[in-house]
Amino acid sequence: MLDRKQLRKDFAEIKAKLAKRGEDLSDLDKFGELDERRRAIIQEVEQLKAERNETSKQISQLKREKKDASELIERMQQVSKTIKELDNELNEIEAQFDQVMLGIPNIPHESVPVGEDEEDNVEVRKWGDIPSFSFEHKPHWEIGKDLDILDFERAAKVTGSRFVFYKGLGAKLERALINFMLDYHTEHHGYEELLPPYIVNRNSMIGTGQLPKFEEDAFLIEDWDYFLIPTAEVPVTNFHRDEILSVDDLPKKYVAYSACFRSEAGSAGRDTRGLIRMHQFNKVELVQFVKPEDSYDALEELTGHAEKMLQLLGLPYRVMNMCTGDLGFTAAKKYDLEVWIPSQQKYREISSCSNFEAFQARRAGIRYRDEDGKVKYVHTLNGSGLAIGRTVTAILENYQQEDGSVVVPEVLRPYMGGIEVIK
RNA sequence: GGAGGAAUACCCAAGUCUGGCUGAAGGGAUCGGUCUUGAAAACCGACAGGGGUGUAACAGCCCGCGGGGGUUCAAAUCCCUCUUCCUCCUCCA
């Protein structure tokens, strides 16, 4: 959510910045009129309420003195009726106003490249050497099947498409990655671990920006009006919803493992094979709450924390600065980490690190009391550190051997009971 | 699932039956001061926050006693409803 007062003041300038996203901005044009009507009614109704408060005191005084107050009471009956009508009207406008405000995307930061789509994302840096195979290398779903560690067919039977069973050392590898990443971020990067609920209520989904606009992307538990989380970002960011943090507690850094659930509406036909695009996948997520002046340094830091995982695992990747057209609804700036997938001869997203500035904090009411005792919104950030399924994908494909086995990256071996090769 | 009870400011806690100088007593914690070599104790003082509106900035005004609605000239107080927590029974990993 954007700052209302700022939007009122710098409307044209903000509109121009938002236009770079290439999204539909028709909601934005309703802002001015709704804002004005809202404030006009507030002023009118508050004046009447002030009058009623004042007169109530007089009535109470008269009653105590056993004097007649019927004339004042009669007048206030009318005033109260008007107040009720105006309040109803105001509620309606507030509801419309909220819908508009919740539907306006975040303002891109000035360091975000202007562009239309993923073609215009800018490569910031690249790490690692792309492996060259002296034999015919296989896609990960074949490796997984041949090693009997991934079972897509049975998952399709038990549930449906875009689900998987991990089996044996496959399951162990997945678990090893989760534990390795959680341990590393808590021990070396200063994060506190949270293990969150996988189901959240509607307000939480609004708080982080999945709702109201993108309800079709989520799994809804209808009878409860609860949602399966699409990422641990949702419960972890909302952990501090409607709170005022102490400046001494900032930055707050959490790392959370969770399963993630996505309907993948609109991506039918894409990545239909393998682990890349699942309805359910595992992810270790990094979330930070920081002072506004620190948030861009924090974004670099957090991105580095995610990169460190890829470096330790020895997986080649590149960092992309996402352009205005590919930023997503909530981010002011976003880096995607893309890992090399040999079977596709392409880099594929494995982590997304964003600075939301105060966009989520305003929606979720996450504030802090600064050194002078003033209440301000925090800035929130998050990033995958990393998506586990896609990491398994990258390991299987990049570490495959001619004999069909897969070498386990060294840092994972302590988490794999010392196993060096999956065969 | 059944039967009760509770929710008041940072914490504890009055007030609710009997609506109106309660825009919320009292205590603790916290902060400032006196005393002290320093501290503790004691004593004195401060302590409703948050949101909205408004302003150049103040001021002022509006809303806040778990959330939402209702009754009334007027609601912490009466009514309805939802949520959360607690106790007992039932069930259960």
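Keep in mind that the numbers below use all heavy atoms, side chains included, and drop hydrogens, waters and symmetry copies. Just so it is clear, the model here is predicted, and its values are computed rather than measured. Naming: A, B, ... by sequence-line order, numbering from 1 per chain.
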So, is [X] close to the [N] phosphate, meaning a side-chain N or O under 4.0 Å from OP1 or OP2?
X       : N      : result
A:Lys84 : B:rU71 : yes
A:Gln43 : B:rC62 : no
A:Arg38 : B:rU53 : yes

Practice task
Return yes if the base of B:rG52 and the side-chain atoms of A:Glu46 contain a donor-acceptor N/O pair under 3.5 Å, otherwise no.
Solution key: yes
Handout entry: is_close_aromatic(A:Tyr368, A:His379), centroid dist under 6.0 Å
Key = no
Base, sugar-phosphate or nothing for [X]? Non-hydrogen atoms, less than 4.0 Å.
X        : value
A:Val79  : nothing
A:Arg362 : nothing
A:Ile59  : base

Tell which nucleotide pairs with [N], taking only Watson-Crick or G-U wobble pairs whose two distances are both under 3.5 angstrom.
N      : value
B:rA25 : none
B:rC92 : none
B:rC61 : B:rG52
B:rC85 : B:rG5
B:rG32 : B:rC44
B:rA75 : none

Completion exercise
d(A:Gln280 CD, A:Leu228 CG) to nearest 0.5 Å is 9.0 Å
Completion exercise
Between the CG atom in A:Leu48 and the NZ atom in A:Lys84, the distance rounded to the nearest 0.5 Å is 14.0 Å
Problem - Contact residues, residues 48-57 of chain A to RNA chain B [heavy atom, < 4.0 Å] - result: A:Lys49, A:Ala50, A:Arg52, A:Asn53, A:Ser56
Which nucleotide in the list [options] gets nearest to the side chain of [X]?
X        : options                : answer
A:Val375 : B:rG51, B:rG52, B:rC73 : B:rG51
A:Ile42  : B:rG54, B:rG52, B:rC73 : B:rG52
A:Asn91  : B:rC73, B:rG69, B:rU53 : B:rG69
A:Arg39  : B:rG51, B:rG54, B:rU71 : B:rG54

Practice task
Show the numbers, then the answer: is there a salt bridge (charged side-chain N to carboxylate O under 4.0 Å, His left out) between A:Asp336 and A:Arg348?
Solution key: CA-CA 9 Å; A:Asp336 269 10; A:Arg348 294 298 306 261; over 6 Å; no
Problem - For A:Asn398 against A:Trp340, the heavy-atom pair lying closest together - result: ND2-O, 2.9 Å
Handout entry: A:Glu300 and A:Tyr335: side chain donor to acceptor below 3.5 Å
Key = yes
Handout entry: cation_pi(A:Arg154, A:Phe165) dist<6.0 Å, angle<=45
Key = no
